[in-house]
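Structure first, then comments.
No hydrogens, no waters, no symmetry mates; every other heavy atom, side chains included, goes into these values. Throughout, a chain's letter reflects where its sequence line sits, starting with A, and its residues are numbered from 1.
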Number of protein chains: 2
Amino acid sequence: MSEDAIHPPAEGLSLPKVLAALADPARLATVRTLAQGGESSCNQIRHDAGLEVSKSTMSHHLRILREAGITQSRVQGARRLLTLRREDLDARFPGLLDAVLQPEPAATY
Amino acid sequence: MSEDAIHPPAEGLSLPKVLAALADPARLATVRTLAQGGESSCNQIRHDAGLEVSKSTMSHHLRILREAGITQSRVQGARRLLTLRREDLDARFPGLLDAVLQPEPAATY
DNA sequence: CGAACAGTACGACAGTGGTCGAACTTCCTG
DNA sequence: CAGGAAGTTCGACCACTGTCGTACTGTTCG
């Protein structure tokens, strides 16, 4: 199979699902990395985001993001290149992505 | 006893926690109701938001919101009057609340 | 005072979610 | 072609979460 990945249509994005997807630190880091670095592969993201999780866990997180409509993946050879679905997200939830991507004011605790 | 409720300091708000708190439909409805109606009591919110949950469940949701730093409660007689912590949220996560409160472009489900 | 009301606390229970290792598929490369 | 790299899928496990009913504290009012 080539492109079986499940990508919900732009109109189908649900706010609770999107928020839930973003509510995990690992996935938040993933989204931020993706926002900065543009298109990259699963492993690359895992490395860039500094995530110390197994392949399967990473795959799981990426699936949540994809199924929430936050990311998009295309296959290139043995890799899957991921991108943020910026336009779709901005269209449906204006300002949300920007708010979430904003650097946090430090000292969370 | 007057003020036993746990309210995290404004600087202590964690984005994942806030997002997780907002990721539940019941709590999202609660926040929206609160944003529109201003200060109101638990039961009033439950009614206004059209939530059909038990008292204890409602109390649970409100606790999550409070502990995430999204709401604030003050005691007035037998009631607890809740408000959104708009300023704190806007200060720490600019645009987030507005993005989440924005009416959804219909047909979310 | 006593009954009804507002809300919290606790315990139980089912469902979900994050984590891993192992097995598998597909692709690239020597 | 054989070996390895990139990801996904699967089953297991444990922690967390949403739900409820019940019991409790405190308040208002008849």
Nucleotide pairing, DNA chain C (Watson-Crick or G-U, distances under 3.5 Å), in dot-bracket with [ ] and |: ||||||||||||||||||||||||||||||
Length of the CD1-C1' vector between B/Ile6 and C/dT8, whole Å: 12 Å
Could you run down the sub-3.5 Å N/O contacts of the protein with nucleotides 28-30 of chain D?
none

Neighbours of DNA chain D within residues 39-50 of chain A, by heavy-atom distance under 4.0 Å: A/Ser41, A/Cys42, A/Asn43
Set of side chain to side chain donor-acceptor pair (under 3.5 Å) partners for B/Asn43, sequence neighbours left out: B/Arg46
Under 3.5 Å donor-acceptor, B/Arg27 side chain and B/Ala20 backbone: yes
Please write out each protein N/O paired with an N/O of nucleotides 18-21 of chain C under 3.5 Å, distance rounded to 0.1 Å.
residue, atom, partner, partner atom, Å
C/dG18, OP1, A/Arg27, NH1, 3.2
C/dG18, OP1, A/Arg27, NH2, 2.8
C/dG18, OP2, A/Arg27, NH1, 3.4
C/dG18, OP2, A/His60, NE2, 3.1
C/dT19, OP2, A/His61, NE2, 2.3
C/dC20, OP2, A/Ser54, N, 3.0
C/dC20, OP2, A/Ser54, OG, 3.3
C/dC20, OP2, A/Thr57, OG1, 2.8
C/dG21, N7, A/Ser56, OG, 3.2
C/dG21, O6, A/Ser56, OG, 2.9

Same cluster (ILVMFWY, side-chain, under 4.5 Å), B/Leu22 and B/Leu13: yes
Pairing residues for B/Arg32 by the side chain to side chain donor-acceptor pair (under 3.5 Å) criterion, not counting sequence neighbours: B/Glu104
Nearest-Å distance for atom pair CG/P, residues B/Leu51 and D/dG18: 13 Å
Side-chain N or O of A/Arg80 closer than 4.0 Å to phosphate OP1/OP2 of D/dT8: yes
SB check B/Glu39 B/Arg74 (cutoff 4.0 Å): yes
